[in-house]
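Below is one structure, written out as structure tokens, with a few remarks after it.
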Amino acid sequence: MASTILLILTIFISSITSGATSRGGLFETSAVEKHEQWMARFHRVYSDEPEKRNRFHIFKKNLEFVQRFNMNKNSTFMLDVNEFSDLTDEEFRATHTGLVVPEGINKISTLESRLVVPFRYENVSDTSESLDWRQEGAVTPVRYQGTCGGCWAFSAVAAVEGITKIAKGKLVTLSEQQLLDCATDYNQGCVGGIMSKAFEYIIRNQGITTEDNYPYQASQQTCHPTTQSLAFPAATISGYETVPMNNEEALLKAVSQQPVSVGIEGTGAAFRHYSGGIFDGECGTDLHHAVTIVGYGMSVEGTKYWVVKNSWGQTWGENGYMRIKRDVVDAPQGMCGLAMLAFYPLA
Ligand SMILES: *[C@@H]1O[C@H](CO)[C@@H](O)[C@H](O)[C@H]1NC(C)=O
Ligand SMILES: *[C@@H]1O[C@H](CO)[C@@H](O)[C@H](O)[C@H]1NC(C)=O
């Protein structure tokens, strides 16, 4: 037993030493230091040495990715290591996103949004050059969904908070936990869900309560029995609509009127490590995450962007927000598919 431990220890020490003396050794040493600093900064504690070594290797890979990326000074955005940097892309996607799009919804909404579904903002023509619903007082502080695939609840809540402020003049912080626990028709709490089903629940329930009444737990619980009465004073919606699909012009019309819930592919290494600027990095249109668009504008260099409210805490991106490229040429789906699946609730 003791000899086994000694052997493991010897291998571990020699692997560190050889790492430090081989080519790239300086990087290895500074990566070890950076990992230690990072662990202290984000209060990360690992259960044992093998786990720590495993996490260090993932961290180092992410660190190298970030450093290599930032050498390109021509990019419109920057990356940084953040609290997710000891996770692989797959782990991150499994634990910090959570949009689940029903089979066939893309085909259905293409048809419906073009032909059937009303889009009340279709004739909006006086959109200003820029708009930030944060400055209009219609956006609550950025939250952190934790290790829970509940992005859909955060996306829906931010949109309901927005329309409540715009229509009723009061900004209230609403409960994602209520949606995780109670909006279980199709949606599955931290396993995943979709914003439209969250809106349907709020309509059926005749409202949603405040965060204070029903605080976030980052895990699915039993639906609170007094939800109905708690809901009464907080916020209600009368319906919701879909923005015509793959149409950033239509999306602009909607966002000019209220914050809009959208699906997005937000799981790549660049997106996950975004720290500022206007994102136009590598990503596809595999919608696995949900966010809320709370504004739009144009940089001094003339790059148009959307302002996205995320639910990965305030240390991610620009204090929890991302500016992401708007009006992408030859990609009607929008950057990372953000124009493919967009909903807004009605007051
Ligand atoms: C830098 O960015 C500009 C604008 O996007 C582009 O036109 C130019 O080709 C880029 N230069 C390099 C070296 O990538
Ligand atoms: C937009 O304008 C057209 C033409 O005037 C009209 O037929 C349509 O009903 C309007 N749409 C809405 C949502 O008001």
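When reading the values below, keep in mind they use all heavy atoms of this one structure, side chains included, and skip hydrogens, waters and symmetry mates. All ligand and atom numbering here is 1-based and tracks the order in the structure.
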Salt-bridge contact [X]-[Y] (side-chain N to carboxylate O under 4.0 Å):
X: Lys165; Y: Glu161; answer: no
X: Glu51; Y: Arg55; answer: yes
X: Glu241; Y: Arg120; answer: yes

Task: Interatomic distance, Thr267 atom OG1 to Asp89 atom CG [nearest 0.5 angstrom] - done: 7.0 Å
Open item on the list: Using side-chain heavy atoms (C-beta onward) and a distance below 4.5 Å, is Ser256 in contact with Tyr296?
Closed with: yes
Could you pull out every N or O of ligand 2 that sits under 3.5 Å from a protein N or O, with the distance for each pair?
{"unit_1": "ligand 2", "atom_1": "2 (O)", "unit_2": "Asn123", "atom_2": "OD1", "d": "3.2"}
{"unit_1": "ligand 2", "atom_1": "2 (O)", "unit_2": "Asn123", "atom_2": "ND2", "d": "2.4"}
{"unit_1": "ligand 2", "atom_1": "11 (N)", "unit_2": "Glu122", "atom_2": "OE2", "d": "2.8"}
{"unit_1": "ligand 2", "atom_1": "11 (N)", "unit_2": "Asn123", "atom_2": "ND2", "d": "2.8"}

Task: Listed once per pair and sorted, the side-chain hydrogen bond (donor to acceptor under 3.5 Å, both in side chains) pairs that draw on residues 325-340, sequence neighbours left out - done: Lys304-Asp327
